[in-house]
Undergrad: 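Okay, handing you the structure first.
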Amino acid sequence: MLDIKFIRDNLEQVEQRLATRGTEIRLDEFRQLDTQRRELLGEVEGLKAEKNRVSAVIGQTKDKSQVQGEIARMKEVSAQIKQMDDQLRDLTEALSAILMTVPNLPHEATPVGASEDDNVEIRRWGTPREFSFEAKAHWDIGEQLDILDFERAGKLTGARFALYKGAGARLERALINFMLDLHTEQHKYVEMLPPFMVNRDSMTGTGQLPKFEEDLFHVEGPDYFLIPTAEVPVTNIHRDEILGAEQLPLCYTAYTPCFRKEAGSHGRDTRGLIRQHQFNKVELVKFVEPETSDAELDSLLANAEKVLQLLELPYRVVDLCTGDIGFSAARTFDIEVWLPGQSVYREISSCSNFRDFQARRAAIRYRREEGAKPEFVHTLNGSGLAVGRTLLAILENYQQEDGSVIVPEALRPYMGGLERITGK
RNA sequence: GGAGGAGUGGCCGAGUGGCUUAAGGCGGCGGUCUUGAAAACCGUUGUACGAAAGUACCGUGGGUUCAAAUCCUACCUCCUCCGCCA
């Protein structure tokens, strides 16, 4: 959520900066409702002040017959206040409905562009391997090794689900542990294991609601949603809290499954592990002081890159343009891993600085010093990494001509020393 | 699932309709005293909107009343006991 005062005072600038996202957002309705609301607020507060004053006098008067006129008048004032409060509530709701659907302002450094074609590649790491045979796609490798079973997953649930078997299941689990150990031991993140369902307030705090409800799985019964990313529960840990400056930066890492409807991507990436309704992810989340958030994004990105470096998987880093960054983000770097099966770089991590956008929605604040006025923190997060996509990248990059897959050295301690996954 | 109890400031805790401007305590901050500290004493201590006056906030939403932390109502959360259960 943007600062309502900032919008009020910089309406044109806000409209212009939002226009770089590619969606035109007209804020004149906002301005009209805001003016109306502020006028009404002034009036109703004046009436309330009078009601409070007169009621105190009535309370002090022993002989109530002397103040019958006042009581009658206050009854009317009260009715008027109630009516105005209702009107005020409607205005506030309408205003908030607009405010909640306005995306974040892009960072000054975010490249301006219309679509993902305008994203800027900023570096590459590693050299894609030369294959002396035709590289296969991971779904073929996985099925031939009998470690991935998409057909039975379809029977169990439906399309876009996977059943991992044997070394496949163990590899997924090894990756989760490897990533968590790296981030907690080397990068000093605190591990969290949050609920995998959250309520509406949490989804609103990080920006998934109210705009993107159609992407979420909602459970029957209580008004809960399956999390589409650990960002939601982990960022909301400090919702409605005021932190101390000495606690910052707070760095959390969490493994969770993620559940996404993938509405609107029918027919895309239908094969394999790329786009699933349920996938595992290790997430990195930071709560930081505003002036440090740019540097903190760089280090969070480096922490995510480290996973690929240790696994010796080639990747590139892309600076997303204004037309491609997410609703809540001000700046985003994607890490894309090399997939020889399709000869493309595919997103495996997305690292974003949300500045105070989520903090304002979720009321996450801090004090610079004892007694200072609370200010909003900046929040950041990134995948460190998407586990399923890491597994498929390993299958494709480490595949051998005989169909087996070499286990990256860094993972062997997590695989009981296994060096190679071979068929039955 | 059944029965009962409880939600008040950073924390503990009083408050069952009107000087409540939320008592008192703890903690925090400032001061007096002290070589320094402790103790003692004095003062201060939430959030949002607003230039200010002021308004709102006692789990959440409705309601009653001139007036609600206090009464009514629905919901949420936590606790205790019973039952079931990974």
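Chain identifiers are assigned alphabetically (A, B, ...) following the order of the sequence lines, protein sequences preceding nucleic acid strands; residue numbering begins at 1 within each chain. Computed from a predicted structure; not experimentally measured.
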Undergrad: Which base sits across from rA56(B) as a Watson-Crick or G-U pair, both distances under 3.5 Å?
TA: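 Answer to the pairing question: rU47(B), which forms a Watson-Crick or G-U pair with rA56(B).
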Undergrad: Any side-chain to backbone donor/acceptor pair from K211(A) onto Q208(A)? Under 3.5 Å, distance only.
TA: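 Absent.
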Undergrad: Could you state the CZ-C1' distance from R37(A) to rG50(B), rounded to the nearest angstrom?
TA: 11 Å
Undergrad: With C1' as the reference atom in both, quote the distance from rU21(B) to rC58(B) in angstrom, rounded to an integer.
TA: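 Between the two C1' atoms, the distance is 15 Å.
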Undergrad: Between the side chain of E396(A) and the main-chain N/O of A137(A), is any donor-acceptor distance below 3.5 Å?
TA: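 Not a single qualifying donor-acceptor pair exists.
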Undergrad: Considering every strand shown, what is the Watson-Crick or G-U wobble mate of rA39(B) when both distances are under 3.5 Å?
TA: none
Undergrad: If we call it a pair only when both distances are under 3.5 Å in a Watson-Crick or G-U wobble match, what pairs with rA6(B)?
TA: rU77(B)
Undergrad: Between rA56(B), rC49(B), rU47(B), spot the one nearest the side chain of P374(A), thanks.
TA: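 For P374(A), the side-chain atoms sit closest to rU47(B).
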Undergrad: Tell me every residue that passes salt bridge (Lys or Arg N to Asp or Glu O under 4.0 Å) with D9(A), counting only those two or more places apart in sequence or in another chain.
TA: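 D9(A) satisfies salt bridge (Lys or Arg N to Asp or Glu O under 4.0 Å) with no residue once adjacent residues are dropped.
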Undergrad: So which of Y252(A), F354(A), F287(A) actually passes side chain to side chain contact (heavy atoms under 4.5 Å, CB included) with N381(A)?
TA: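 Filter result, single survivor: F354(A).
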Undergrad: Which residues pass the ring pair (Phe, Tyr, Trp, His ring centres under 6.0 Å) test with F212(A), sequence neighbours left out?
TA: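 F212(A) satisfies ring pair (Phe, Tyr, Trp, His ring centres under 6.0 Å) with F327(A) once adjacent residues are dropped.
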Undergrad: Specify the separation, in whole Å, of atom CD1 of I81(A) and atom P of rA56(B).
TA: 8 Å
Undergrad: Take atom P in rG4(B) and the same atom in rG17(B), then report the distance between them in whole Å.
TA: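 So the two P atoms sit 26 Å from each other.
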Undergrad: Please determine, for rU64(B), whether a Watson-Crick or G-U wobble partner exists with both distances under 3.5 Å, and give it or none.
TA: none
Undergrad: R367(A) near the nucleic acid: base, sugar-phosphate alone, or nothing, with a heavy-atom cut-off under 4.0 Å?
TA: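 R367(A): backbone/sugar contact only, no base atoms under 4.0 Å.
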Undergrad: Has the side chain of E45(A) got a donor or acceptor that lies under 3.5 Å from a partner of the other kind on the base of rG54(B)?
TA: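 Yes.
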Undergrad: Please report the distance, rounded to the nearest Å, between CG in L40(A) and P in rG50(B).
TA: 16 Å
Undergrad: Tell me if a side-chain donor or acceptor on D140(A) pairs with a main-chain N or O of K136(A) at a distance below 3.5 Å.
TA: no
Undergrad: Could you tell me how far rU64(B) sits from rC82(B) if I compare only their C1' atoms? Round to whole Å.
TA: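 Comparing C1' positions in rC82(B) and rU64(B) gives a spacing of 38 Å.
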Undergrad: Just to be sure I understand the rule, does R53(A) reach a base, reach only the sugar-phosphate, or reach nothing, if contact means heavy atoms closer than 4.0 Å?
TA: nothing
Undergrad: Is the ring pair F161(A)/H277(A) parallel, tilted or perpendicular, if the boundaries are 30 and 60 degrees?
TA: tilted
Undergrad: May I ask which nucleotide in the shown strands pairs with rG1(B), Watson-Crick or G-U wobble, both distances under 3.5 Å?
TA: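 rC82(B) is the nucleotide pairing with rG1(B).
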Undergrad: In whole Å, measure the gap between the P atoms of rA69(B) and rG59(B) for me.
TA: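 About 10 Å, rounded to a whole number of Å.
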Undergrad: Roughly, in whole Å, what's the span from NZ in K5(A) to C1' in rA51(B)?
TA: 12 Å
Undergrad: If pairing requires Watson-Crick or G-U wobble contacts with both distances under 3.5 Å, which nucleotide is the partner of rA23(B)?
TA: none
Undergrad: Sub-3.5 Å donor-acceptor pair from the side chain of D118(A) to the main-chain atoms of G113(A), do we have one?
TA: no
Undergrad: Give me the distance, rounded to whole Å, that separates rU60(B) from rG43(B) when you measure between the C1' atoms they each carry.
TA: 37 Å
Undergrad: Under 4.0 Å between a side-chain N/O of N52(A) and OP1 or OP2 of rA56(B), yes or no?
TA: yes
Undergrad: Which one is paired to rC33(B), where only Watson-Crick or G-U wobble pairs with both distances under 3.5 angstrom count?
TA: none
Undergrad: Base contacts versus sugar-phosphate-only contacts with protein, heavy atoms under 4.0 Å: please encode nucleotides 59-78 of chain B as B, S and - from 5' to 3'.
TA: ----SS-BS---------S-
Undergrad: Distance between the C1' atoms of rC71(B) and rA86(B), in whole angstroms?
TA: 45 Å
